[in-house]
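We name chains A, B, ... by the order of the sequence lines, and we start the count at 1 in each one.
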2 protein chains.
Amino acid sequence: MPADLANDPLAALPGYALRRAATTQMAQLSVRMGTIGLRVTEASVLLLIGARPGLTSADIGKILDIQRANMAPLLARIEDAGLIVRAPIDRKSQAILLTRAGETRRAEVEAITNAFEAELLARIPAEHRDHLLPALQALWD
Amino acid sequence: MPADLANDPLAALPGYALRRAATTQMAQLSVRMGTIGLRVTEASVLLLIGARPGLTSADIGKILDIQRANMAPLLARIEDAGLIVRAPIDRKSQAILLTRAGETRRAEVEAITNAFEAELLARIPAEHRDHLLPALQALWD
DNA sequence: TATTGTTATACTCTATAACTATA
DNA sequence: TATAGTTATAGAGTATAACAATA
């Protein structure tokens, strides 16, 4: 059901609209990432590692706002899938790097992401479009 | 961590910013609703029932995009808390109505919501502020 | 002392399937 | 036949606490 001011008194609230827009869009992105066997969070990690190889698990968690405790099983899944390897930095930390298969998968994630982002922006009336990203960035911390 | 274009290549993606902004803001709203013993979804139901008394469980679910199966335990919780009652419409459907205690709680939800929404908008640079709601509504269905 | 990586655990939201009863 | 309400169940994201090992 699209935003319906007449019947839904919550539809006029930016915070509520933010939640509804995010859940709807993320559900759609989840379906697309599912076609290549990835969850959205796993896909976001592949994009980050591709852009910044050598980050540690803790680094990735801080940047993507994922708790260290939740990074462990996430990395285990994409490692089991052969997409990443761990290179020891010292006896405590490990750099996360993409494998060849991981780089291939990352490129697929990038293609899906670019198409998704383009379609998302296309849905927004032109006069509002360029304001979305800066407005959202101001709400994020 | 706020949006950081230099270190987070995902920060320039509107869809990713949408997710981050929504999770951050909803976590904050969740804390505030928690002070009156409610979850965000429960609070949204109280606001809707207050504005449109007599809706059925199925109606509420369709408007708020909550599955019928998930409405059952949600309504059971706020009924057990004495905030709503059910009035039979026929032998199959029930109208959901606020009790006196429910109306009091709804007013508290409204106050929290108004303060939250005002603070949310205040964070957005003025030139972008009025564009957020229409942009989000265009993404929601 | 602080940080890394990990395990265990729990809560919330969301999703589907299946069932009974009634419109 | 379709809809209302419910139960059971599972997947996903998120959160805290606790631990061993190392910086």
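- Atom CG in A/Leu74 sits about 16 Å away from atom C1' in C/dT7, given to the nearest Å.
- Shortest non-hydrogen contact noted between B/Asp4 and B/Asn7 is OD2-ND2, 3.0 Å.
- Atom CG of A/Asp90 is separated from atom C1' of C/dT4 by 9 Å (rounded to the nearest Å).
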Nucleic acid footprint by protein, nucleotides 1-8 of chain D - heavy-atom cut-off 4.0 Å, B for base, S for sugar-phosphate alone
-BBSSBBB
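- Taking atom CD1 of A/Ile60 as the reference point, atom C1' of C/dT4 lies 13 Å away to the nearest angstrom.
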Between A/Gln28 and A/Glu119, does a side chain to side chain contact (heavy atoms under 4.5 Å, CB included) hold up when you go through it step by step?
CA-CA 11 Å; A/Gln28 294 182 16; A/Glu119 292 171 36; over 6 Å; no
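- Residues of residues 21-44 of chain A that place a heavy atom closer than 4.0 Å to DNA chain D, in numerical order, are A/Arg39, A/Thr41.
- Side-chain nitrogen and oxygen atoms of A/Arg91 include at least one within less than 4.0 Å of the OP1 or OP2 phosphate oxygen of D/dA23.
- Although no hydrogens or angles enter the test, the distance criterion places a donor-acceptor pair under 3.5 Å between the side chain of A/Ser44 and the main chain of A/Thr41.
- Under the side-chain contact (heavy atoms from CB on, under 4.5 Å) criterion, A/Thr113 pairs with A/Met33, A/Leu47, A/Val109, A/Glu117, B/Leu13, not counting sequence neighbours.
- Under 4.0 Å is where a charged nitrogen must lie from a carboxylate oxygen, and between A/Arg100 and A/Glu103 no such pair does.
- Using a 4.5 Å heavy-atom cutoff, the side chains of A/Thr56 and A/Gln94 are not in contact.
- A 4.5 Å side-chain heavy-atom check between A/Leu46 and A/Ile78 finds at least one atom pair inside the cut-off.
- Proximity of A/Gln67 to the phosphate of D/dT14: no side-chain N or O atom is located under 4.0 Å from OP1 or OP2.
- Residue A/Ile66 contributes atom CD1, which lies 11 Å from atom P of D/dA15 at whole-angstrom precision.
- Counting to the nearest Å, the P atom of C/dC13 and the CG atom of B/Leu64 are 13 Å from each other.
- Formation of a donor-acceptor pair under 3.5 Å by the A/Arg106 side chain with backbone atoms of A/Leu98 is not found in this model.
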